[in-house]
There are 2 protein chains.
Amino acid sequence: MAMSLGIEQPVTNADKTFFQLRKDIVEGLIASGSKLSETELSTRYEVSRAVIREAINRLASCHLVERRANVGARVVDLSPDGLIQLYQVREALEGMAARLAARNMQDEEIASLQGLIDSHFNKVKDGQSYYQEAGDVDFHYRIVLGSKNAHLISVLIDGLYHLVRMYRVQLGMAGPRVTRAYDEHRNIVHAIANRDEELAEILMRRHILYSKNNIEAKLRSPSP
Amino acid sequence: MAMSLGIEQPVTNADKTFFQLRKDIVEGLIASGSKLSETELSTRYEVSRAVIREAINRLASCHLVERRANVGARVVDLSPDGLIQLYQVREALEGMAARLAARNMQDEEIASLQGLIDSHFNKVKDGQSYYQEAGDVDFHYRIVLGSKNAHLISVLIDGLYHLVRMYRVQLGMAGPRVTRAYDEHRNIVHAIANRDEELAEILMRRHILYSKNNIEAKLRSPSP
DNA sequence: GACAGCTATATTGTCGACAACTGAGGCTGA
DNA sequence: TCAGCCTCAGTTGTCGACAATATAGCTGTC
């Protein structure tokens with residue numbers, strides 16, 4: 001695993017194929033629930049079956065595909081229950097991440113995070129929904145990295161976040177939750193700056209809980 | 001991944017090799033920090049390099065080995081900091097597992113769990129330190145499975161628990177924490193039986209925190 | 001018509017060989 | 001002496017072919 005300190009750089013052919021496949025799955029180019037044929041993919045991506053196999057195995061580690069011996073691999077299918085379970089794990093892990101960030105982040109990192117939030121303020125004020133996607137992701141990334149916990153970083157950034165993005169993209173999230181989420185982010189940073197571990201964890205957990213409820217509501221009423 | 005509902009059954013050759021390699025690493029037969037040569041392992045385990053490669057990749061997903069492109073894989077090395085980080089994640093995940101177990105476990109499952117605890121009582125009373133290893137593992141397994149959350153189950157049972165066992169085995173844990181841990185288990189089951197999610201989570205988190213402190217102390221004073 | 005068993009086909013699992021890369025050691029030239 | 005380059009052995013990455021397995025469809029019997 002790339003350990004994700006910064007941007008993951010593909011070096012081998014299997015890496016590139018893995019990233020490409022992951023992208024195509026997350027963005028729905030390969031339909032959720034569809035079967036992944038090794039031979040077909042090897043011709044489509046113009047690599048040998050061995051590298052396709054390795055890529056699929058890695059995707060299985062991220063829980064983006066499910067593999068059965070002697071049968072094959074299928075892209076996971078998205079379900080309300082799956083989403084809920086995903087957010088339950090996020091709540092636990094990111095709560096802990098916020099706690100550890102309050103303990104372990106350097107002062108400069110916190111200042112930089114504060115700067116990020118401030119820059120968001122302008123965009124929120126202008127009503128740019130740009131926020132939800134890039135801004136939200138960036139915010140959560142920084143806190144997870146700030147935890148300085150390798151397991152946390154790996155499970156979330158290399159694993160769950162791609163699934164989260166898959167749900168967001170394929171269910172078409174954009175949402176009017178922008179300004180409210182902005183305030184929540186602001187409060188979390190404040191708690192971290194005060195080195196208040198307990199509060200940072202609680203606020204982060206509530207933030208994710210709200211976010212789950214929001215997406216869940218969208219999931220019931222197909223709006224797009 | 002095997003999804004771990006019950007016992008994971010090897011079907012393919014890569015499965016068997018993966019299990020064997022994992023066992024040998026966890027139990028220290030392959031030294032922590034040592035390099036894993038694909039060619040050497042393929043002769044030692046009498047399989048082709050391809051299945052060794054797949055096994056190593058899976059081990060990397062469990063964080064039991066670290067792989068670098070074009071260089072090779074090394075068994076992770078155990079460190080005090082690594083142990084602490086591991087238990088931080090356990091605290092977050094198993095806390096959530098206990099909460100969800102209080103919500104989702106069937107009445108019969110809870111009764112069975114209660115039975116397990118009761119059976120432990122006799123052994124603890126007799127001073128059998130058998131408890132710590134098998135009993136403790138079994139207890140935590142049941143609660144994680146009781147959460148009915150696939151991600152939680154996979155990350156913990158297919159992943160972190162093997163690392164936990166690796167620390168325990170290679171640092172020689174047995175400890176006088178038996179009776180105290182027993183009481184903590186008892187209280188957790190009580191909270192779950194009462195469907196008290198909040199309390200179940202808090203108790204589990206404290207239980208793991210205590211456990212971490214215990215191992216940490218042992219790690220400072222090499223007793224065995 | 002339904003069902004069990006068999007056959008055929010397509011897919012996955014496994015293998016050995018070749019290509020590409022890394023790291024160590026020695027060599028050259030200042 | 002030392003920095004930098006180069007060579008070379010050994011390792012990992014990639015490939016195409018073969019073996020083993022599962023699924024679909026057919027056949028024959030009840």
Side-chain angles (χ1 to χ4, degrees), chain A residues 1-3 8-25 30-77 158, chain B residues 1-3 5 8-22 24-25 30-77 158:
Chain A
M1 286 287 151
M3 194 15 171
E8 43 190 357
Q9 195 81 33
V11 16
T12 175
N13 238 329
D15 289 342
K16 299 190 196 96
T17 308
F18 168 57
F19 291 146
Q20 186 65 44
L21 250 176
R22 187 176 63 187
K23 182 169 189 270
D24 291 347
I25 288 175
I30 298 178
S32 138
S34 64
K35 183 167 178 356
L36 294 177
S37 162
E38 295 183 358
T39 54
E40 183 202 327
L41 291 176
S42 80
T43 62
R44 175 127 71 100
Y45 291 87
E46 296 177 315
V47 287
S48 85
R49 260 189 61 219
V51 343
I52 290 288
R53 271 180 75 80
E54 178 168 339
I56 290 181
N57 279 330
R58 288 204 227 172
L59 290 170
S61 300
C62 309
H63 302 274
L64 285 173
V65 312
E66 284 167 1
R67 163 160 249 168
R68 282 200 311 160
N70 287 314
V71 174
R74 309 191 77 84
V75 179
V76 294
D77 40 18
D158 292 334
Chain B
M1 287 288 150
M3 193 17 170
L5 303 174
E8 44 190 357
Q9 196 83 33
V11 16
T12 174
N13 239 329
D15 289 343
K16 298 189 196 99
T17 308
F18 168 56
F19 291 145
Q20 186 64 45
L21 250 177
R22 187 176 62 187
D24 292 346
I25 287 175
I30 298 177
S32 137
S34 63
K35 184 168 180 349
L36 293 178
S37 162
E38 295 183 359
T39 53
E40 183 201 329
L41 291 177
S42 79
T43 62
R44 174 126 72 100
Y45 290 87
E46 295 177 316
V47 287
S48 85
R49 259 188 64 218
V51 342
I52 291 288
R53 270 180 76 81
E54 178 168 340
I56 290 181
N57 279 331
R58 288 205 227 171
L59 290 169
S61 301
C62 309
H63 303 275
L64 286 173
V65 313
E66 284 166 0
R67 164 160 250 168
R68 282 201 311 162
N70 286 314
V71 174
R74 310 191 77 86
V75 179
V76 295
D77 40 17
D158 292 333

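Every chain is numbered from 1, with letters handed out A, B, ... down the list of sequences. Note that this is a predicted model, so its numbers are computed, not measured.
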Could you go over nucleotides 16-25 of chain D and give all protein N or O partners under 3.5 Å, atom names and distances?
none

Shorter than 3.5 Å, N or O on both sides, protein versus nucleotides 5-7 of chain C: list them out with atom names.
none

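Whole-Å rounding puts the A:Asp15 CG to C:dA20 C1' distance at 15 Å. Nucleotide C:dT12 holds its P atom 5 Å from the CD atom of A:Glu38, rounded to whole Å. Rounded to an integer number of Å, the gap from B:Leu41 CG to D:dT11 C1' is 13 Å. Whole-Å rounding puts the B:Glu54 CD to C:dC15 P distance at 11 Å. Between B:Glu66 atom CD and D:dT12 atom P there is a gap of 16 Å when expressed in whole angstrom units. The NZ-C1' distance, from A:Lys16 to D:dT14, rounds to 12 Å in whole Å. Between the P atom of C:dT12 and the CZ atom of A:Arg74 lies a distance of 11 Å, rounded to the nearest Å. Spacing between atom CG of A:Asn57 and atom C1' of D:dT14 amounts to 16 Å, rounded to whole angstrom units.
The closest side-chain heavy-atom distance from A:Arg22 to A:Phe19 is below 4.5 Å. Side chains of B:Arg67 and B:Asn57 form a contact here, defined as non-hydrogen atoms less than 4.5 Å apart. Taking 4.5 Å as the limit, every side-chain heavy atom of A:Arg58 sits out of range of all side-chain heavy atoms of A:Leu64.
The listed nucleotides are C:dT14, D:dG13, D:dC15; the one nearest the side chain of A:Val51 is D:dC15. Proximity note for A:Ser37 (side chain, C-beta onward) versus D:dT14, D:dT11, C:dT12: the nearest is C:dT12. Taking only side-chain atoms of B:Thr39, from C-beta outward, the nucleotide of D:dT11, C:dT12, D:dG13 with the closest atom is D:dT11.
The line from CZ of A:Arg49 to CD of A:Glu54 is 14.0 Å long, rounded to the nearest 0.5 Å. Rounding to the nearest 0.5 Å gives a distance of 6.0 Å between CD of A:Glu8 and CG of A:Asp158. Rounding to the nearest 0.5 Å gives a distance of 10.0 Å between OG1 of A:Thr17 and CG of A:Leu41.
Nearest heavy atom pair, residue B:Asp15 against residue B:Val11, reads OD2-N, 3.1 Å.
When the shell of 6.0 Å around NZ of B:Lys35 is examined, it contains more than 12 heavy atoms from other residues, nucleotides or ligands.
A distance-only check finds no donor-acceptor pair linking the side chain of B:Asp24 to the backbone of B:Leu21 [under 3.5 Å].
B:Lys35 has a side-chain polar atom (N or O) that falls below the 4.0 Å cut-off from OP1 or OP2 of D:dT12. The side chain of A:Thr12 contributes an N or O atom lying less than 4.0 Å from OP1 or OP2 of D:dT14.
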Expected list for residues 69-77 of chain A: side-chain donor-acceptor pairs under 3.5 angstrom, two or more places apart:
{"residue": "A:Arg74", "atom": "NE", "partner": "A:Gly33", "partner atom": "O", "Å": "3.3"}
{"residue": "A:Arg74", "atom": "NH2", "partner": "A:Gly33", "partner atom": "O", "Å": "3.4"}

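Between A:Val11 and B:Glu46, the residue anchored nearer the 5' end of DNA chain C, judged by the nucleotide with its closest heavy atom, is B:Glu46.
Using a 4.0 Å heavy-atom distance criterion, B:Ile52 is classed as making no nucleic acid contact.
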